[in-house]
Amino acid sequence: MTNLNKYILLALGALILLSSCEKDETVVKRRGERQVYVLTYDGQIYDMMGDMIMQLPNCEYASEIISDGDDYFVSGKSTKDKVGYWKNGKWNTLHIDFIDNVAHETQGIAKWDYYIYLFDYPYILKNSGIFPLDDCENFNPSGQCIAVSNGKCYLAGMEYHEDEPNDAVLYYEHKGRFAKAILPKPSPEMSGHATTIYAYDTDHTIVGGHVGTEPCIWVDQQLQLLPRTYNGSVYEVDLPLAHVSSVTQLNGHIYAAGYETDDDGNDRAVLWVDGVPQHIQNEHSKKIIFSFAEELIAYGEDLYMLTFECYEQEFPNGEKDTKLDILIWMNDRVIAKYNNIDIVNFTVV
């Protein structure tokens with residue numbers, strides 16, 4: 001091999017290495033350069049000023065919005081009954097030949113590298129690939145049910161059993177399919193319910209939900225019960241006294257958001273930080289009727305959270321009414337407020 005050829009090979013190797021590093025590097029915008037997009041069930045997208053920036057075309061139902069850099073992606077159901085997703089407001093059809101003829105309604109979306117992952121029961125779709133779920137006849141997903149870390153995809157939800165306690169389940173990739181793991185419970189008589197999942201460092205997962213009446217997370221499939229601050233009493237058998245709606249990890253700390261029921265039977269928004277609960281309330285002068293935390297997003301060094309607050313509003317003439325505020329927090333302060341829109345979730349771009 002000539003010296004010239006050696007130099008060419010070395011140069012190509014350096015170029016490939018540089019390209020791969022650039023591809024894997026995540027660019028974190030400064031706080032003033034970021035935007036928050038919230039998604040409604042009917043496919044409207046609002047910015048953090050409350051202005052609607054997009055009505056998704058041919059949208060019958062929207063289920064989740066995520067972002068990657070300046071791009072945002074939305075899952076849901078198209079009125080044209082095609083399977084796919086919206087990217088930056090434009091519909092992208094996936095050209096997939098399904099074995100069975102089913103109505104397509106993607107209930108969650110995730111992204112890694114150049115791959116889009118969609119949950120379209122009973123399959124995980126990876127671009128144009130189809131990966132079936134094992135033993136999923138009684139599977140019920142909800143909320144933020146799908147997550148990907150370094151190309152490994154996970155799905156969480158509940159397995160329903162008639163006349164028996166339900167189970168929280170985790171699906172993971174295994175030999176071209178998705179195998180099922182039953183998440184542990186304190187006792188077989190309790191029901192397990194998983195509604196959210198976060199994946200990180202390829203092989204690690206945090207699943208949130210509740211077992212019996214108690215809030216919990218499963219860290220790498222190991223159960224951790226979370227404490228409550230109220231001594232609420234059960235008034236309906238199927239309702240928990242607290243529940244985790246969203247989980248994430250930031251700087252080595254585990255965050256879980258949801259609600260717990262107070263002594264009067266009203267829900268209160270809670271954020272658990274490494275298992276320690278704290279109540280979330282915007283304005284302490286208001287009489288809060290109920291509140292709950294719905295979603296967490298870790299971005300850079302900051303924690304974003306979506307909460308709902310219903311409170312009593314009194315007018316100058318003495319009349320009273322109730323009002324619902326939908327709030328986006330960054331760390332410990334509110335950065336956006338919405339009213340009278342049906343929000344599914346949000347993302348940071």
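Values below: every heavy atom of this structure, side chains too, minus hydrogens, waters and symmetry copies. Nothing here was measured: the structure is a model prediction, and the numbers come from that model.
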Next on the checklist: Between Y115 and C153, is there a side-chain heavy-atom distance shorter than 4.5 Å?
Outcome noted: no
Next on the checklist: Is the ring pair Y171/F139 parallel, tilted or perpendicular, if the boundaries are 30 and 60 degrees?
Outcome noted: perpendicular
Item to check | Closest approach of T347 to S67 (non-hydrogen atoms, all atoms of both residues) | outcome: OG1-OG, 2.9 Å
Checklist entry - Does Y299 belong to the same Ile/Leu/Val/Met/Phe/Trp/Tyr cluster as M330, with side-chain heavy atoms less than 4.5 Å apart forming each link? => result yes
Checklist entry - Who pairs with T229 by side chain to side chain donor-acceptor pair (under 3.5 Å), at least two apart in sequence or on another chain? => result E260, H279
Item to check | Test applied, side chain to side chain contact (heavy atoms under 4.5 Å, CB included); reference residue, I146; option that passes from I109, I197, I124 | outcome: I124
Checklist entry - Do M54 and I343 share a hydrophobic cluster (ILVMFWY, side-chain heavy atoms under 4.5 Å, transitive)? => result no
Next on the checklist: Let's go through I116 and K87 carefully: what are the C-alpha distance in whole Å and the side-chain angles of both, what is the deciding distance for side chain to side chain contact (heavy atoms under 4.5 Å, CB included) to 0.1 Å, and is it a yes or a no?
Outcome noted: CA-CA 10 Å; I116 293 289; K87 177 183 178 181; over 6 Å; no
Checklist entry - Does V273 share a hydrophobic cluster with I254, counting links as ILVMFWY side-chain heavy atoms below 4.5 Å and allowing steps through other members? => result no
Checklist entry - Do D321 and F315 have side-chain heavy atoms sitting under 4.5 Å apart? => result yes
Checklist entry - Is there side-chain contact between I289 and T322, with heavy atoms separated by less than 4.5 Å? => result yes
Checklist entry - Linking I/L/V/M/F/W/Y whenever their side-chain heavy atoms sit closer than 4.5 Å, directly or via other members, would Y72 and Y304 fall into one cluster? => result no
Checklist entry - What class does the angle between the rings of H204 and Y200 fall in, given that below 30° is parallel, 30 to 60° is tilted and above 60° is perpendicular? => result parallel
Checklist entry - Do V219 and V211 share a hydrophobic cluster (ILVMFWY, side-chain heavy atoms under 4.5 Å, transitive)? => result no
Item to check | Sub-4.5 Å side-chain heavy-atom contact between L327 and L306 | outcome: no
Next on the checklist: Under a 3.5 Å distance rule, please check whether S78 uses its side chain to pair with a backbone N or O of V83 as donor and acceptor.
Outcome noted: no
Checklist entry - Which atom names give the shortest non-hydrogen contact between V247 and I206, and what distance separates them? => result CG2-O, 3.4 Å
Checklist entry - Take atom CG in D51; do more than 12 heavy atoms of anything else shown fall under 6.0 Å from it? => result yes
Checklist entry - Charged N to carboxylate O below 4.0 Å: is that the case for D71 and K111? => result no
Checklist entry - Does CD belonging to E33 count more than 12 external heavy atoms closer than 6.0 Å? => result yes
Checklist entry - Only one of D201, D203, D113 clears salt bridge (Lys or Arg N to Asp or Glu O under 4.0 Å) with K152; which? => result D203
Next on the checklist: Is it the case that the side chain of N166 and the backbone of H161 share a donor-acceptor pair, with hydrogens and angles ignored and the cut-off at 3.5 Å?
Outcome noted: yes
Checklist entry - Applying the side chain to side chain contact (heavy atoms under 4.5 Å, CB included) test to N282, which of I288, T307, V334 qualifies? => result V334
Next on the checklist: Ring-plane angle category for H210 and H193, please: parallel below 30°, perpendicular beyond 60°, tilted otherwise.
Outcome noted: perpendicular
Next on the checklist: side-chain hydrogen bond (donor to acceptor under 3.5 Å, both in side chains) for D267 and T261? Distances and angles first, verdict last.
Outcome noted: CA-CA 4 Å; D267 292 339; T261 303; 3.2 Å; yes
Next on the checklist: Tell me if the aromatic rings of F290 and Y311 count as close, with their centers under 6.0 Å from one another.
Outcome noted: no
Checklist entry - Under 6.0 Å from the CG atom of D70, do we count more than 12 heavy atoms belonging to anything else shown? => result no
Next on the checklist: Quick check on H174: does its NE2 atom have over 12 non-hydrogen neighbours (other residues, nucleotides or ligands) under 6.0 Å away?
Outcome noted: no
Item to check | Pair Y154 and Y172, ring centroids less than 6.0 Å apart | outcome: no
Item to check | Exceeds 12 heavy-atom contacts within 6.0 angstrom, atom NZ of K29 | outcome: yes
Next on the checklist: If you define the side chain from C-beta out and look only at heavy atoms, does anything of W218 sit under 4.5 Å from T205?
Outcome noted: no
Checklist entry - Taking the side chain as C-beta and beyond, is there a heavy-atom pair between D325 and Y338 under 4.5 Å? => result no
Item to check | Parallel, tilted or perpendicular, as decided by the 30° and 60° cut-offs, for the rings of W91 and W86 | outcome: perpendicular
Item to check | cation_pi(K126, Y117) dist<6.0 Å, angle<=45 | outcome: no
Next on the checklist: Does D135 form a salt bridge (Lys or Arg N to Asp or Glu O under 4.0 Å) with K180? I'd like the steps, not just the answer.
Outcome noted: CA-CA 7 Å; D135 186 22; K180 180 176 68 178; 2.7 Å; yes
Next on the checklist: Using the rule given for side chain to side chain contact (heavy atoms under 4.5 Å, CB included), can you reason through Q313 versus K320, listing the C-alpha separation, both sets of side-chain angles and the distance that settles it, and then say yes or no?
Outcome noted: CA-CA 6 Å; Q313 185 178 34; K320 296 181 180 180; over 6 Å; no
Checklist entry - What's the shortest heavy-atom distance between A256 and L226, and which atoms? => result CB-CD1, 4.2 Å
Checklist entry - Sub-3.5 Å donor-acceptor pair from the side chain of T213 to the main-chain atoms of P240, do we have one? => result no
